[in-house]
Amino acid sequence: MTSAGASGMALEVRGCDQMNLFADIRELVVAELQALMSDGVLPAGLDLAGVAVEPPRDAGHGDMATNAAMVLAKPAGLQPRAIADALAVRLMEDPRVAGADVAGPGFLNLRLEPAAWHGLVRDVLAQGEGYGRSALGQGRKVNVEFVSANPTGPMHVAHARGAVVGDALANLLAYAGFNVTREYYINDGGGQVDVLARSAYERYREAHGLSPEIAEGLYPGDYLIPVGEALKAKFGDSLLDKGEQYWLADVREFATDMMMEMIRGDLAALGVSMDVYSSEKALYGTGQIEAAIETLRSKGLIYTGTLEPPKGKTPEDWEPREQTLFRSTAFGDDQDRPVQKSDGSWTYFAPDIAYHYNKVMRGFDELINIFGADHSGYVKRLKAVVSALSENRVTLDIKLIQLVKLLKGGQIVKMSKRAGTFVTLRDLIDEVGADVVRFVMLTRKNDVALDFDFDKVTEQSKDNPVFYVQYANARVNSILRKAREAGLDVSDATLGAAHLTHLGHAAELDVMRKLGEWPRMVEIAARGNEPHRVAFYLYELASDFHALWNRGNDDDSLRFLQEDAGVSQAKIALVRSVGVVICAGLGILGVTPVEEMR
RNA sequence: GCACCCGUAGCUCAGCUGGAUAGAGUGCUGCCCUCCGAAGGCAGAGGUCGAAGGUUCGAAUCCUUCCGGGUGCGCCA
């Protein structure tokens, strides 16, 4: 939602004062390892790519841990401990490092000086929601294609998850320094839009007082009634009692446009806006499909042949047919795939090839498609197409979105298009709100099924992750409000200049450590195209913050508002930092932060 | 038959592209409000990471083979 200026911002932040404590310490470790190499303690020319600086699993081990000694032991021909000891001595000389202990099989556990964490808080306040933005993407052009629902009706819940994941992923990638385009591929070239046209025509007849004949296979939904009315308004009675050949094309275009209008509205209600809408139909008759196929043919990947029937269960009506095929088996697919039907017309795969060719030609470095899990069989052939057409320059990552199971009162909400009981995206948003829909849809990895429990998501307890995170943010704002009422200056500038040496308790350090993980988390999530990690991170941050808050009940010195204004400001600086990161994270998820719970 | 995805605490799920004694929530047991919002927090119990092999300093994570569940498999997109 706030991604418009993202790529420019990332470039700006890139460089010197981009704060990422883990990255900084890794740089330090690498520098010291290089020094050890030039001193002859380590053999020269070691590959340091595998050296990682990570949060230790157990916080008791310290603030950060590096595996350097273990990954280098073998290539260096030395004992891990010997490397770790030598490295520890050098690292201790850095003012940020308070301790470096060798542990376990050769981990080097680092404890940082409180001042390092204080610097982090100052940085969060100085950079605001820019804290955590990354230059990882280096402005590379990435295209995220998602939703792409057929323009034949309103969006329903099955589309919602893909829409949310795609949009949050786009936000995430923009935040991580990619130049992102959100794109919707309109499937307006196939038989289903003819069905739409015929269905709408019946509603048009209905608008003229005739009784509609919704034959088997047509779309029965009420949402087409206004389309019928609009057709009447536009065409009067000129289409009545005419054969399909007189009206099909016009009605199809008109109805498709209205459906897309409705879908745009549905997306907007969910907070999604696309940068580009591409039309399948627009590929026909322009030579683009032919050109794409010819390009593949020139690589020897197109031929005429006959497919074997699938082993195991052969379809009843199977008969061998000669078709134009794409050699996707050359890329690991199970079988070659037809691009032309036996009558010579294109299969749905052909325009898809042209569409992906088009994306490659537009200069994208990376393509990401968000598909429903029922498209799993489609993945290999599309990847094959992209790598063939781009000479392996462009990568295609396909995220398959598993089903959403709706639960209400402990019961599964059965959805049937025919029975008209499917739940539309609008219904869902009207009932629980777009923020809840978005957050909950991001609390699972894309490739596992998701239960969406109406009762839980509207509940105000920590069962409900949306509420839990929002509550943390509300508490942050509550503190700021109280402080202002007490006449304290809590502007970010003032807080950033506070004497943060007042922060040092273990519970406070826990929160600071978690804040320190944010930029690292962004990069991990962006590298894997996994926006759900942001949701989980926010939950953890909220948890650490709630814990700190409650410590104040037992220990007065941990309360945020103290007698001494300077001490208060230091504490509030930390509180405010938590709010900044929560807002940044919610921004990526596309969820509106609430300042007060109601 | 083949391909892809999933299998982690009673239940719902995380798990950083191979790291340390596998973590949350929920449920169960016991605690914490004169208090910055208890709509919260703390502690305890609870595991053969579906199974068996393999790769190496080291595997829930990578490889192989099984078992169980889901999805898909030429003129629908």
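Hydrogens, waters and symmetry mates are skipped; everything else that's a heavy atom, side chains included, is used. These numbers come from a predicted model, not from an experiment. Chain identifiers are assigned alphabetically (A, B, ...) following the order of the sequence lines, protein sequences preceding nucleic acid strands; residue numbering begins at 1 within each chain.
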B/C33: syn or anti, per glycosidic angle within 90° of 0: syn
Taking [M] as the reference, what is the distance to [N] when you measure between their [atom1] atoms (whole Å, please)?
{"N": "B/G50", "M": "B/C16", "atom1": "P", "result": "15 Å"}
{"N": "B/A9", "M": "B/A24", "atom1": "C1'", "result": "11 Å"}
{"N": "B/C49", "M": "B/C6", "atom1": "C1'", "result": "14 Å"}
{"N": "B/G7", "M": "B/G74", "atom1": "P", "result": "28 Å"}
{"N": "B/G10", "M": "B/G72", "atom1": "P", "result": "32 Å"}
{"N": "B/G18", "M": "B/C5", "atom1": "C1'", "result": "22 Å"}
{"N": "B/U71", "M": "B/C76", "atom1": "P", "result": "23 Å"}
{"N": "B/G69", "M": "B/C31", "atom1": "P", "result": "45 Å"}

Contacts of A/His159 that satisfy ring pair (Phe, Tyr, Trp, His ring centres under 6.0 Å) - sequence neighbours left out: A/His156
A/His61 over B/A20, stacked by centroid distance under 5.5 Å, angle under 30°: yes
Qualifying salt bridge (charged side-chain N to carboxylate O under 4.0 Å, His left out) pairs, either residue in residues 145-159 of chain A, two or more places apart: A/Glu145-A/Lys359
A/Asn369 and A/His356: side chain donor to acceptor below 3.5 Å: yes
Side-chain donor-acceptor contact under 3.5 Å, A/Gln192 with A/Thr152: no
Sugar-phosphate only, base, or nothing, as touched by A/Ala65 at under 4.0 Å among non-hydrogen atoms: base
Sugar-phosphate, base or nothing in reach of A/Pro80, heavy atoms under 4.0 Å: nothing
Given RNA chain B, 5'-ward residue of the pair A/Lys482 and A/Ser376, judged by closest heavy atom: A/Lys482
Position toward the 5' end of RNA chain B (nearest nucleotide), A/Ser345 or A/Ile524: A/Ile524
Residues in salt bridge (charged side-chain N to carboxylate O under 4.0 Å, His left out) contact with A/Lys74, at least two apart in sequence or another chain: none
Euclidean distance, atom [atom1] of residue [X] to atom [atom2] of [N] [Å, nearest integer]:
{"X": "A/Lys514", "N": "B/G23", "atom1": "NZ", "atom2": "P", "value": "13 Å"}
{"X": "A/Arg381", "N": "B/C4", "atom1": "CZ", "atom2": "P", "value": "14 Å"}
{"X": "A/Leu442", "N": "B/A14", "atom1": "CG", "atom2": "P", "value": "12 Å"}
{"X": "A/Asp336", "N": "B/C75", "atom1": "CG", "atom2": "C1'", "value": "17 Å"}

At a cut-off of 3.5 Å, list every protein nitrogen or oxygen paired with a nitrogen or oxygen from nucleotides 55-64 of chain B, distance to 0.1 Å.
| unit_1 | atom_1 | unit_2 | atom_2 | d |
| --- | --- | --- | --- | --- |
| B/C57 | OP1 | A/Lys74 | NZ | 3.2 |

Check against side chain to side chain contact (heavy atoms under 4.5 Å, CB included), A/Thr443 and A/Tyr539: CA-CA 10 Å; A/Thr443 53; A/Tyr539 189 90; over 6 Å; no
Paired nucleotide for B/G44 [Watson-Crick or G-U wobble; both distances under 3.5 Å]: B/C28
Residue pair A/Glu508 / A/Lys571, side-chain heavy-atom distance below 4.5 Å: yes
Does [X] put a side-chain nitrogen or oxygen below 4.0 Å from OP1 or OP2 of [N]?
{"X": "A/Trp346", "N": "B/A77", "answer": "no"}
{"X": "A/His532", "N": "B/G15", "answer": "yes"}
{"X": "A/Lys383", "N": "B/C4", "answer": "no"}
{"X": "A/Arg533", "N": "B/U17", "answer": "no"}

Considering only nitrogen or oxygen atoms on both sides, find all protein atoms under 3.5 Å from nucleotides 25-35 of chain B and state each distance.
| unit_1 | atom_1 | unit_2 | atom_2 | d |
| --- | --- | --- | --- | --- |
| B/U26 | OP1 | A/Lys462 | NZ | 3.4 |
| B/U26 | OP2 | A/Lys462 | NZ | 3.4 |

Taking the side chain of [X] as heavy atoms from C-beta outward, which of [options] is closest to it?
{"X": "A/Glu280", "options": "B/G41, B/A77, B/C13", "value": "B/A77"}
{"X": "A/Tyr471", "options": "B/G74, B/A3, B/G40", "value": "B/G40"}
{"X": "A/Asp451", "options": "B/C36, B/G74, B/U12", "value": "B/U12"}

Pair A/Arg161-A/Arg444, side chain to side chain contact (heavy atoms under 4.5 Å, CB included): steps then yes or no: CA-CA 10 Å; A/Arg161 190 173 177 192; A/Arg444 290 284 178 282; 3.6 Å; yes
Side chain to side chain contact (heavy atoms under 4.5 Å, CB included) between A/Val195 and A/Leu218, worked out: CA-CA 6 Å; A/Val195 174; A/Leu218 293 188; 4.0 Å; yes
Under-3.5 Å donor-acceptor pair between A/Arg551 side chain and B/C42 base: no
A/Arg337 to A/Phe349 six-membered ring, cation-pi geometry met (6.0 Å, 45°): no
Nearest heavy atoms of A/Val53 and A/Met64, plus distance in Å: CG1-SD, 3.8 Å
Between protein and nucleotides 5-11 of chain B, what N or O pairs are separated by less than 3.5 Å?
| unit_1 | atom_1 | unit_2 | atom_2 | d |
| --- | --- | --- | --- | --- |
| B/C5 | O2' | A/Asp447 | O | 3.1 |

is_close_aromatic(A/Phe452, A/Phe454), centroid dist under 6.0 Å: yes
